[in-house]
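Have a look at the structure below before the remarks.
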Amino acid sequence: EKIGMVYEKKGEFDLALEHLSKGIGYLQSNEDSQEMARLYYDCGFVHSRKGEFDQAREFYDKALGILKDKTDQISLKEIGKLFNATGVVHWYQGKYDQAIEYYQKSIEIFQKLKDEQEVSYPYNNLGNISFDRGDIDQAIEYYQKSLALREKIGDINAMAGSYNNLGNAYYKKGNYSEGLRNYKRSASIYTRIGARSSVIIPLSNIANISLEQADYSSALEYNQKCM
């Protein structure tokens, strides 16, 4: 499993699936194990990264089939993550109502577990759906709810993502000052933790706002920082 997910991190999805499939083969004699559910989850995640959403759902459903009757905290956390992941797949496919249903199931489980880190993800994802539907005020509400949880537990990397999402929402509303403020917070965190590939996103967004405000020197400055 670990080798497979190393390849996933490198973007070598076919090699990742090859190694994960080998792991599934080794566990065929114990098909109802926690390890098998984890392998199915990982296969689903890789297929989702490849844009193969139907295959992703199939693997998520297999994992849920193993875990659905388990009530221990480890299994419940995995179920919550599977619900959220399934919601993401529905979101990618434009099936917003189904996505919301799964996100809400995920929230319910993580709230019962009092898992503030994990519950921040489906809240953030509900914000994405609201954003896509043009309900920007509701998107901001969900993003802020997710951010508050992330700030509370000090999840720095996730906080940067929340700030960028809030920047997008305020930018969409035409509130450029709030958009800039959140983008700069996001960029500051990504810079501090050395997340070079991630910091390009808020820096590019700052450049776009600067361009719209006819602040050409700032637009040029932030575009150069992206290079």
Side-chain angles (χ1 to χ4, degrees), residues 1-70 74-110 113 115 117-133 142 146 155 157-158 161-162 164-165 195 197-198 200-201:
E1 175 194 355
K2 290 181 180 178
I3 295 173
M5 296 314 286
V6 167
Y7 281 117
E8 180 274 324
K9 294 289 185 188
K10 294 170 67 178
E12 298 181 29
F13 301 134
D14 290 334
L15 279 172
L17 288 170
E18 180 183 328
H19 282 275
L20 291 169
S21 296
K22 287 179 181 178
I24 290 171
Y26 294 143
L27 289 173
Q28 285 299 331
S29 60
N30 191 12
E31 292 188 4
D32 291 334
S33 68
Q34 193 94 28
E35 291 81 6
M36 182 68 88
R38 167 52 64 177
L39 285 167
Y40 284 148
Y41 174 91
D42 288 341
C43 283
F45 182 74
V46 176
H47 279 294
S48 181
R49 291 284 311 277
K50 288 184 72 179
E52 296 171 349
F53 302 123
D54 289 336
Q55 293 96 318
R57 278 213 328 272
E58 286 178 17
F59 278 104
Y60 290 152
D61 286 345
K62 286 181 179 181
L64 281 168
I66 292 172
L67 298 172
K68 64 180 178 2
D69 295 324
K70 298 185 185 296
I74 293 175
S75 295
L76 287 174
K77 182 171 182 174
E78 292 300 311
I79 292 169
K81 291 169 73 173
L82 281 160
F83 282 149
N84 183 62
T86 303
V88 170
V89 168
H90 283 300
W91 173 55
Y92 280 137
Q93 293 182 307
K95 300 175 182 177
Y96 292 152
D97 290 338
Q98 292 96 319
I100 289 170
E101 180 182 340
Y102 277 97
Y103 291 149
Q104 289 173 339
K105 288 179 179 181
S106 178
I107 288 169
E108 183 179 348
I109 288 176
F110 290 134
L113 294 174
D115 192 325
Q117 180 177 34
E118 291 296 340
V119 79
S120 75
Y121 290 100
Y123 276 132
N124 179 78
N125 293 338
L126 285 170
N128 290 338
I129 289 180
S130 297
F131 185 91
D132 286 354
R133 284 178 158 175
Y142 281 125
S146 178
D155 190 346
N157 190 63
S162 289
N164 187 70
N165 287 342
S197 61
S198 297
I200 292 171
I201 298 170

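Fair warning: this is a prediction, and the values are worked out from it, not measured in the lab.
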**Study point:** Test side-chain contact (heavy atoms from CB on, under 4.5 Å) applied to Glu118 and Asn84, step by step
**Key:** CA-CA 9 Å; Glu118 291 296 340; Asn84 183 62; over 6 Å; no
Exercise for review: Evaluate side-chain contact (heavy atoms from CB on, under 4.5 Å) for His47 paired with Asp54, printing each intermediate quantity in order.
Suggested key: CA-CA 8 Å; His47 279 294; Asp54 289 336; over 6 Å; no
Exercise for review: Begin with the C-alpha distance, continue with both residues' side-chain angles, and end with the deciding distance and a verdict on salt bridge (Lys or Arg N to Asp or Glu O under 4.0 Å) for Arg133 and Asp97.
Suggested key: CA-CA 11 Å; Arg133 284 178 158 175; Asp97 290 338; 2.8 Å; yes
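Heavy atoms only, all atoms of each residue included: Ser106 and Gly80 are closest at OG-O, 2.9 Å. Nearest heavy-atom pair, Leu76 versus Lys70, reported as atom, atom and distance to 0.1 Å: CD2-O, 4.0 Å. Shown here for Tyr96 and Trp91, the closest heavy-atom pair between the two residues is CE2-CD1, 3.4 Å. Closest of all the heavy-atom pairs between Leu20 and Cys43 is CB-SG, 3.6 Å. Across every non-hydrogen atom of Asn165 and Asn124, the tightest pair is ND2-OD1, 2.8 Å. When all heavy atoms of Leu67 and Ser75 are compared, the pair lying nearest together is CD2-OG, 4.0 Å.
A tilted orientation is assigned to the rings of Tyr40 and Phe59, their planes being inclined by 30° to 60°. In this pair, Tyr102 and His90 present their aromatic rings parallel. The plane angle is below 30°, not in the 30 to 60° band.
To the nearest 0.5 angstrom, Ile79 atom CD1 is 11.5 Å from Thr86 atom OG1. To the nearest 0.5 Å, atoms CZ (Arg38) and CD (Glu78) are separated by 4.0 Å. To the nearest 0.5 Å, the span separating NZ on Lys77 from CG on Asp115 amounts to 4.5 Å. If you take CG on Leu126 and OH on Tyr103, they are separated by 7.5 Å, rounding to the nearest 0.5 Å. Taking OG from Ser21 and CG from Leu39, the interatomic distance works out to 9.0 Å, rounded to the nearest 0.5 Å. Remark: Leu82 CG to Lys68 NZ distance equals 13.0 Å, nearest 0.5 Å.
In this structure, Ser48 contributes its side chain and Phe53 its backbone to no donor-acceptor pair below 3.5 Å. Of the possible donor and acceptor atoms, one in the side chain of Ser146 sits under 3.5 Å from a partner among the backbone N and O of Ser120.
Gln104 places none of its side-chain heavy atoms less than 4.5 Å from the side chain of Phe83. No side-chain heavy atom of Tyr41 sits less than 4.5 Å from a side-chain heavy atom of Lys62.
Residues Arg57 and Asp61 are not paired through a salt bridge, judged by the lack of any N-O separation under 4.0 Å between the basic side chain and the carboxylate. Between Lys95 and Asp132 there is no salt bridge, since no side-chain N of the basic residue sits under 4.0 Å from a carboxylate O of the acidic one.
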